[in-house]
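The next block holds one structure in the form of structure tokens; read it before the comments.
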Protein chains: 2
Amino acid sequence: MATRTRTNTRERILETAERLILTNGYAATSVDRIITGVGITKGAFFYHFKTKNDMARALIRHYADLDLARLDEYATRAWALSSDPLQSLLVFIGLYQEMVAGMTDENPGCLFASFCYESGQFDDEVLQTLDDVIIAWRERIADWLREAAAAHPPVRPVDLDSLADMLTVVFEGAFVVARSTRSPGVFAEQLQHYRQYLELLFDA
Amino acid sequence: MATRTRTNTRERILETAERLILTNGYAATSVDRIITGVGITKGAFFYHFKTKNDMARALIRHYADLDLARLDEYATRAWALSSDPLQSLLVFIGLYQEMVAGMTDENPGCLFASFCYESGQFDDEVLQTLDDVIIAWRERIADWLREAAAAHPPVRPVDLDSLADMLTVVFEGAFVVARSTRSPGVFAEQLQHYRQYLELLFDA
DNA sequence: CTATCTATACCAACCGGTCAGTATAGGTTA
DNA sequence: TAACCTATACTGACCGGTTGGTATAGATAG
């Protein structure tokens with residue numbers, strides 16, 4: 001018989017938890033609600049995770065890994081599409097526009113922002129992960145911007161670190177506006193503005 | 001004895017609740033923690049609010065009122081400082097930069113974003129308030145931008161509604177990055193970028 | 001007298017977490 | 001080939017504590 005040894009219950013817990021946390025928040029997402037959603041019992045949950053906070057740690061780690069992997073992937077694709085640093089960065093942002101345009105999720109959101117607004121409930125390891133990811137984006141995009149600035153001097157003096165941060169800022173802010181107004185289109189629009197800001201700044 | 005005739009207990013509940021919610025989230029902020037923080041009893045809390053959710057409703061309403069009142073105040077001041085629509089808008093953003101520069105709060109945050117990421121716990125009235133405030137900002141800034149665009153034609157075709165949204169986006173996004181990285185300076189930097197984008201776009 | 005509380009006690013529902021036990025598959029040994 | 005052992009992946013009942021909320025009696029102050 002088809003042995004269901006490959007149950008991947010752990011992953012299903014993580015998936016369900018993420019979805020529930022994104023709409024209700026972490027504290028309001030009880031272990032009971034998660035296990036009901038997955039269709040398992042409490043014992044199974046605590047077999048995979050020592051505590052609920054242990055799950056939070058795994059969840060944010062998993063989310064961060066996916067996020068940074070996609071950053072890598074899109075960066076590689078963007079550089080393949082254009083060898084000019086500014087153009088490839090604009091293409092990179094375009095790839096994210098494509099991605100969010102195809103978003104079907106009824107209740108989109110970012111786990112980083114969700115956790116950040118309930119930070120009092122998490123240990124330093126979880127909080128450090130949030131910081132790490134934001135810094136990783138900052139450094140990656142700032143390096144890119146420095147290359148772009150070398151090739152296309154900006155028309156105004158500009159701090160490239162905060163300009164790099166602005167991409168994260170636009171992402172996180174767009175999530176809030178998109179959710180509150182229930183209009184997912186906000187996302188692509190805001191990325192488009194960021195892109196246009198770069199074009200004007202570097203005279204593309 | 002010095003009885004607390006100077007009661008305004010209701011406001012103190014709201015203040016304490018806001019502070020606690022901003023660090024722990026709504027669900028994790030129990031009524032017990034609030035009353036301990038204020039220094040009152042449970043009876044007093046439920047004398048002022050029928051339910052915890054009733055308090056949430058009052059809190060977001062109060063927050064929205066303050067937010068929109070400040071929007072009005074800063075807009076008036078900005079128009080007083082410059083009669084040119086574009087310049088006054090830039091001054092308006094500058095006033096917000098001033099405000100956030102003087103922020104002493106150890107854990108800054110926006111109640112709208114906090115509630116938005118726990119939306120599953122609130123009724124439609126609360127959620128509608130979030131939407132209302134965002135739409136109010138959009139319309140107010142978009143009108144301003146239309147005046148600015150009439151006087152200073154944008155160097156590129158641009159959607160003014162989403163450009164107006166971008167101010168809210170930058171605010172909300174900056175909160176997330178500032179909190180996660182524990183660097184309140186993010187705020188003024190990001191507003192500066194938004195300002196510079198407008199300058200480039202309208203050729204100021 | 002009314003508004004605004006304090007103090008104490010209580011409730012049912014739910015919370016995160018524990019525990020003993022079960023089912024099953026795959027070695028290892030005699 | 002049967003007996004035994006181990007590891008993995010659970011089930012389902014249960015625990016003490018916390019939750020939002022109620023009830024009631026009384027104090028204080030204008």
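Because the structure is a prediction, the values reported are computed rather than measured. Residue numbers start from 1 in every chain, and the chains themselves are labelled A, B, ... in the order their sequence lines are given, proteins ahead of strands.
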In this structure, how many angstroms lie between the P atom of dG20(D) and the CD atom of Gln121(B), rounded?
10 Å
In this structure, how many angstroms lie between the P atom of dG20(D) and the CZ atom of Phe46(B), rounded?
7 Å
Rounded to the nearest Å, what distance is computed from the CD1 atom of residue Ile34(B) to the P atom of nucleotide dT19(D)?
11 Å
Criterion salt bridge (Lys or Arg N to Asp or Glu O under 4.0 Å) against Arg140(B), the qualifying member of Asp72(B), Asp161(B), Asp67(B)
Asp72(B)
Taking only the side-chain heavy atoms of Ala44(A) (C-beta and beyond), determine which of dG20(D), dC10(D), dT6(C) contains the nearest atom.
dC10(D)
Please check this pair: side chain of Gln121(A) against backbone of Asn24(B), looking for a donor-acceptor N/O pair closer than 3.5 Å.
yes
Which whole-number value in Å describes the distance from Arg10(B) CZ to dA3(C) P?
16 Å
Regarding the side chain of Tyr47(B), the nearest nucleotide among dT8(D), dG20(D), dT4(C) is dT4(C)
Of the listed dC10(D), dG16(C), dC5(C), the closest approach to the Thr9(A) side chain comes from dC10(D)
Would you give me the side-chain donor-acceptor pairs under 3.5 Å for residues 163-172 of chain B, sequence neighbours excluded?
from: Asp165(B); atom 1: OD1; to: Arg138(B); atom 2: NE; distance (Å): 2.9
from: Asp165(B); atom 1: OD2; to: Arg138(B); atom 2: NE; distance (Å): 3.0
from: Asp165(B); atom 1: OD2; to: Arg138(B); atom 2: NH2; distance (Å): 2.9

Whichever of Gly39(B) and Gly43(A) has its nearest DNA chain C nucleotide further upstream toward 5'
Gly39(B)
Looking at Lys50(A), Arg57(A), Lys52(A), which hits side-chain hydrogen bond (donor to acceptor under 3.5 Å, both in side chains) with Asp54(A)?
Arg57(A)
Is the cationic atom of Arg77(A) (NZ for Lys, CZ for Arg) positioned less than 6.0 Å from the six-membered ring centroid of Phe92(A) and within 45 degrees of its normal?
no
For Ser30(B), answer base if it contacts any base atom (sugar-phosphate contacts may also be present), sugar-phosphate if it contacts only those atoms, and nothing otherwise; contact means non-hydrogen atoms under 4.0 Å.
sugar-phosphate
Side chain of His48(B) (C-beta onward), nearest among dC10(D), dC5(C), dG21(D):
dC5(C)
Grab the CE-C1' distance between Met55(B) and dG21(D) for me, whole Å please.
14 Å
Whole-Å distance separating the CG atom of Asp32(A) from the C1' atom of dC15(D)
14 Å
Give the rounded distance in Å between these two atoms: CG of Asn53(B) and C1' of dG20(D).
11 Å
From CZ of Phe45(B) over to P of dT6(C), roughly how many Å is that when rounded to an integer?
13 Å
Look at the side chain of Lys42(B) against the base of dG20(D) and say whether a donor-acceptor pair falls under 3.5 Å; ignore hydrogens and angles.
yes
So, does Thr41(B) get its side chain near the phosphate of dC5(C), meaning an N or O under 4.0 Å from OP1 or OP2?
no
